Amino acid sequence: MSEKYNPRVIESKWQSFWRDNNTFKSEMKTEKEKYYILEMFPYPSGKIHMGHVRNYTLGDVIARYKRAKGFNVMHPMGWDAFGLPAENAAIENNISPGKWTYENIDTMRSQLQSMGLSIDWDREVATCDREYYHQQQKLFLKFYKEDLIYKKESLVNWDPVENTVLANEQVIDGKGWRSGADVEQKKLSQWFFKITSHANSLLESLENMPGWPEKVKTMQKNWIGRSVGCEIHFEIESGYKEYKPEMLEIFTTRPDTIFGATFIAISPFHPIVDDILENDPDIVEEIIGLRSQKLNEETISKNEKIGISTALKIKHPFIDGKKLPLFIANFILMDYGTGAIYGCPAHDQRDFDFAKKYDLEIIEVIKPDDTSATIDNGAYTGEGSLINSSFLNGLKISEAKKKIISELEKIKIGKKTINYRLRDWGISRQRYWGCPIPILYREDGKIIPVPEKHLPIELPTEVDLSQSGNPLENHPYWKYTTCPHTGMKAIRETDTLDTFVDSAWYFLRFCSPKNNNPFDENEINYWMPVDQYVGGIEHAILHLLYSRFFTKALKIKKIDEPFESLFTQGMVCHATYKNKDNAWVFPNDVEEKGGKFYQTSNGLEVTMGAIESMSKSKKNVIDPEEIIKSYGSDSARWFMLSDSPPDRDINWSDSGIQGSWRFCQKIWSTITSNLSILSDENITIYNQNTSKNAVMLLQSTHQSLDAVTKSIENFQMNVGVAKIYELINHISKFRVFVENDKSALKASLRILIRIIEPMVPHLAEECWSLCGNSKSLSSEPWPDVDEKYLVRETVKIVIQVNGKRRAEVEIKVEASEEEVMKEVESIKSVNEQIQDSVIVKKIFVPNKILNIVISKNE
RNA sequence: GGGGAUAUGGCGGAAUUGGUAGACGCGCCAGACUCAAAAUCUGGUGCCUUCGGGCGUUCCGGUUCGACUCCGGAUAUCCCUACCA
């Protein structure tokens, strides 16, 4: 008997083999069909977690499978390496962000390598690499030149104690995470990408992306939020002595309700508010209150609408003498539409709430189709026809919209407009660990893009992060420079780029990771688009939308969309445990005894809580490194693919990983106990005269092969796993009776080894090599299904009486109804049912069922 | 408030898309091997049953010879989104 299955030995053996032989290196081969498989690259936070294991295992199965199917596969890996945690680590551990990041990358790279992923490591990039952000700065200049980047004032979360801008995740319940101070909204001048200029294209392309999940497309559609409406110019009549504005522009999607308008509301940030303040000092305090109030969950859930009345009145354009009061209201957003609306309380719930609170007029202008509907308890927003609306009376809503818009356009006080919920992408971050923005502010006030030949603008290595404020701005000399054109004094932009910029084009960089330009167009045209992108649903909107925007904005010849197919995998979950003090307990410190749970380290009882996605804060984490050490990465990979469909959450369990281990053992013992057959060159696998026994084995083998192939293609790895179990169960029950049976067994085992390789590659390679093959299994093609083994000679036909299953008959394929009926006549139980009855009709589906419909004849 | 998804044994889940519900795995039960245990192997395992059968895919109703699958309604759970005029 051979040696025991020892994953530690064979896994490192094959990892070295693949590395030494450049097995997974990818190169452009125009004569070969390419396949670009990509998983979302990780943030180098320290160590890999189970979510990574699942994500990269899924991608690797596809990569290995496609390679076997003859594709020229590119499967790269990199690091989303800029970002806030590095700065935090720097402060806490007194280590530079760069050093911390690169150390983490080294750790995680070797962890990923220990998983046996078929990655082309020659293409590795980290977004914090000087060379990567050098190229990114070039892209910035390109977009700047093309007018896709602009600067404007925008609000940030400001911690007044630390004098620092806070990221959203650093704001907890409206307070700064370190200082605990109330976070303020502060205006800063910041850079923006004009993503809205591509809003329509981003929306319309979604219609033509069958490889994306509907769910993600819906989320993006809602996020872009196109709405058709119109702008209307209202005349203002001022009640202030000094201040006489003339016009106010509002946006509405319901111009049909114009005759129901009873007030106007504008955002506290609307430009005319400043003028109002100058003339109406009494309301200054209130306005400041509204402005500092962040539109956060708290105010929304309270749904408290606050309006401040002003002395401005608006003339109704169609009702002579009617004046609408103007309010400054907290629920109007400055950056949507025009920052001003008219309120029609009868047909908009928000306006209704507002009108009730401030006792404003409510005029019904839509007569509901549903006659039972009233506006006693809320606005009516359904279908109906117009009333109280002069020339619109009697029209349906959609007709009224058309008519009022053409009327507005005729008298030149309004026009049809399309609005998007999508905002331009703010890319400035007041951080150190990010890509420097290649811009200079010259002493004469001019903004100068740094010429390409002066790039890269490098991050300084010495930086004091413990100080409050923007680290680059605080740096003693980094920002001081001169204008390359004039020699005038200049100051560098001290903001860095949002890390979403880094990840918006890394998939392009992978095509030519060492090129002196951001990318090589030939390589891009060959490799792009990514054929299969795999990642978490949490990136459904921002990352994917930004990547799509970049791809469109770069206008590379054939490439309009970056990701042909997208797959979003589920999370890895685990039970949670709490002790008596309500503190979380790590699962590897918990043991079960008689249905109760105890903490191993101290013997105290703990309670099991909900099964939730693994997170450090709840301590319900299992370290992949420990699992790989004790079970091997093949077992870990197998577990990740078993049981749960890849798009659903998977629950980690001890018994599950042990089951996977047992599977690997079983493969090992099955192969090693049949080595004499597998390595005997005299046993050919093309034997013709096979026994019935052998034919049945080959039938089940090819059925399994067919099913496994289809399940990988359809991202149903859990089904593929089940089919492989079926196959190995068949094989291990197979007994060799005649010499020829060995041939069938050999064929079957070879197929088994081949089709488990995408899932458990080390084990498969070792088995393959034990069979005496000198070439690596990774260069062996995927086996073809032999159709003749899928064709059955006989088939089971279910016999139903009145739709209920009563019996089944085994009969030759394509048997006729009469032939089946003849068989049925000899079945006692069916005859008993049919006796004393009239056969009304018979439904016969060839090779499937015969349903006899009877009615009782008393 | 708006949008979306899901619901199948003790558990994770299959089901050729309207044609044998519960593949496969986990767990559990029994047996073999063993002084014993672990490991391994073999068999069983939806529920009820008077052993004839009956009931079963969250619940109620519909279409159909036939429904996990299609239609209408309800319930539950989860996710996303958040005053977008």
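What you are looking at is a predicted structure, and each value in this text was computed from that prediction instead of being measured. Within every chain, numbering begins at 1; the chains are lettered A, B, ... in the order of the sequence lines, protein sequences first and strands thereafter.
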Over how many whole Å does the gap from [X] atom [atom1] to [N] atom [atom2] extend?
{"X": "A:I266", "N": "B:C83", "atom1": "CD1", "atom2": "C1'", "value": "17 Å"}
{"X": "A:Y380", "N": "B:G1", "atom1": "OH", "atom2": "P", "value": "19 Å"}
{"X": "A:Y5", "N": "B:U40", "atom1": "OH", "atom2": "P", "value": "14 Å"}
{"X": "A:I541", "N": "B:G3", "atom1": "CD1", "atom2": "C1'", "value": "11 Å"}
{"X": "A:R806", "N": "B:G19", "atom1": "CZ", "atom2": "P", "value": "20 Å"}
{"X": "A:I728", "N": "B:U40", "atom1": "CD1", "atom2": "C1'", "value": "14 Å"}
{"X": "A:D649", "N": "B:A7", "atom1": "CG", "atom2": "C1'", "value": "15 Å"}
{"X": "A:K842", "N": "B:G66", "atom1": "NZ", "atom2": "P", "value": "18 Å"}

Using Watson-Crick or G-U wobble geometry with both distances below 3.5 Å, tell me the partner of [N], or none.
{"N": "B:A23", "answer": "none"}
{"N": "B:U63", "answer": "none"}
{"N": "B:G43", "answer": "B:C29"}
{"N": "B:A85", "answer": "none"}
{"N": "B:U6", "answer": "B:A76"}
{"N": "B:U17", "answer": "none"}

Using the [atom1] atom in both, what is the distance from [N] to [M], to the nearest Å?
{"N": "B:C68", "M": "B:G3", "atom1": "P", "value": "30 Å"}
{"N": "B:G27", "M": "B:C11", "atom1": "C1'", "value": "7 Å"}
{"N": "B:G13", "M": "B:G22", "atom1": "C1'", "value": "10 Å"}
{"N": "B:C29", "M": "B:A74", "atom1": "P", "value": "44 Å"}
{"N": "B:A67", "M": "B:C78", "atom1": "C1'", "value": "26 Å"}
{"N": "B:U45", "M": "B:C80", "atom1": "C1'", "value": "41 Å"}
{"N": "B:U50", "M": "B:G61", "atom1": "P", "value": "29 Å"}
{"N": "B:U75", "M": "B:C59", "atom1": "C1'", "value": "7 Å"}

Measuring centre to centre across the rings, with the benzene-like ring taken for any Trp, is [X] within less than 6.0 Å of [Y]?
{"X": "A:Y631", "Y": "A:F639", "result": "no"}
{"X": "A:H316", "Y": "A:F259", "result": "yes"}
{"X": "A:Y358", "Y": "A:F263", "result": "no"}
{"X": "A:F567", "Y": "A:W212", "result": "no"}

Quick one: list whatever passes side-chain contact (heavy atoms from CB on, under 4.5 Å) with [X], sequence neighbours left out.
{"X": "A:E249", "value": "A:E231, A:H233, A:T338"}
{"X": "A:P255", "value": "A:C230, A:T252, A:K401, A:I404, A:I405"}
{"X": "A:K842", "value": "A:E817, A:M821, A:I839, A:L850, A:I852"}

Which one, [options], comes nearest to the side chain of [X]?
{"X": "A:I843", "options": "B:G19, B:C41, B:A85", "result": "B:G19"}
{"X": "A:N851", "options": "B:G19, B:A85, B:G3", "result": "B:G19"}
{"X": "A:T253", "options": "B:A15, B:A85, B:C80", "result": "B:A85"}
{"X": "A:W223", "options": "B:G19, B:U81, B:A14", "result": "B:U81"}

- Message: For the backbone of A:I195 and the side chain of A:D424, can you confirm whether one donor and one acceptor N or O come within less than 3.5 Å of each other?
- Response: yes

- Summarise how protein sits on nucleotides 20-29 of chain B as a single string, 5' to 3': B when a protein heavy atom is under 4.0 Å from the base, S for sugar-phosphate-only contact, - for no contact. B--BSSSS--

Checking all strands, does [X] fall into the base, sugar-phosphate, or nothing category for heavy-atom contacts under 4.0 angstrom?
{"X": "A:R226", "value": "nothing"}
{"X": "A:Q349", "value": "nothing"}
{"X": "A:S660", "value": "nothing"}
{"X": "A:N222", "value": "sugar-phosphate"}

- Item | Parallel, tilted or perpendicular, as decided by the 30° and 60° cut-offs, for the rings of A:Y546 and A:W425 | parallel

- Task: Evaluate the ring planes of A:H543 and A:F500, with Trp represented by its six-membered ring, and classify them as parallel (under 30°), tilted (30 to 60°) or perpendicular (over 60°).
- Result: parallel

- Might you point out which heavy atoms bring A:P345 and A:G260 nearest each other, and give the distance in Å? CD-O, 3.8 Å

- Atom CD1 in A:I657, atom CH2 in A:W638: separation rounded to 0.5 Å? 12.0 Å

- Message: As an exercise, state the distance from CE of A:M640 to CD1 of A:I627, rounded to the nearest 0.5 Å.
- Response: 8.5 Å

[N], syn or anti by chi within 90 degrees of zero:
{"N": "B:G52", "result": "syn"}
{"N": "B:G9", "result": "syn"}
{"N": "B:U17", "result": "syn"}

Give every pair of a protein N or O atom and an N or O atom of nucleotides 47-52 of chain B that lie under 3.5 Å apart, one pair per line with the distance.
none

- Are the charged groups of A:E819 and A:K812 less than 4.0 angstrom apart, N to O? yes

- Message: Does the structure place the NZ or CZ of A:K305 under 6.0 Å from the centre of the six-membered ring of A:F331, at an angle of no more than 45° from the ring's axis?
- Response: yes

Scan nucleotides 71-73 of chain B against the protein and return all N/O pairs shorter than 3.5 Å with their distances rounded to 0.1 Å.
none

- Taking for each residue the nucleotide of RNA chain B with the nearest heavy atom, is it A:K733 or A:S644 whose nucleotide lies nearer the 5' end? A:S644

- Message: Taking the nucleotide of RNA chain B with the nearest heavy atom to each, does A:N651 or A:D335 sit closer to the 5' end?
- Response: A:N651

- Item | Polar side-chain contact A:K305-B:C83 base: donor and acceptor under 3.5 Å | yes

- Report yes if a side-chain nitrogen or oxygen of A:K215 is closer than 4.0 Å to either non-bridging phosphate oxygen (OP1 or OP2) of B:G4; otherwise report no. no

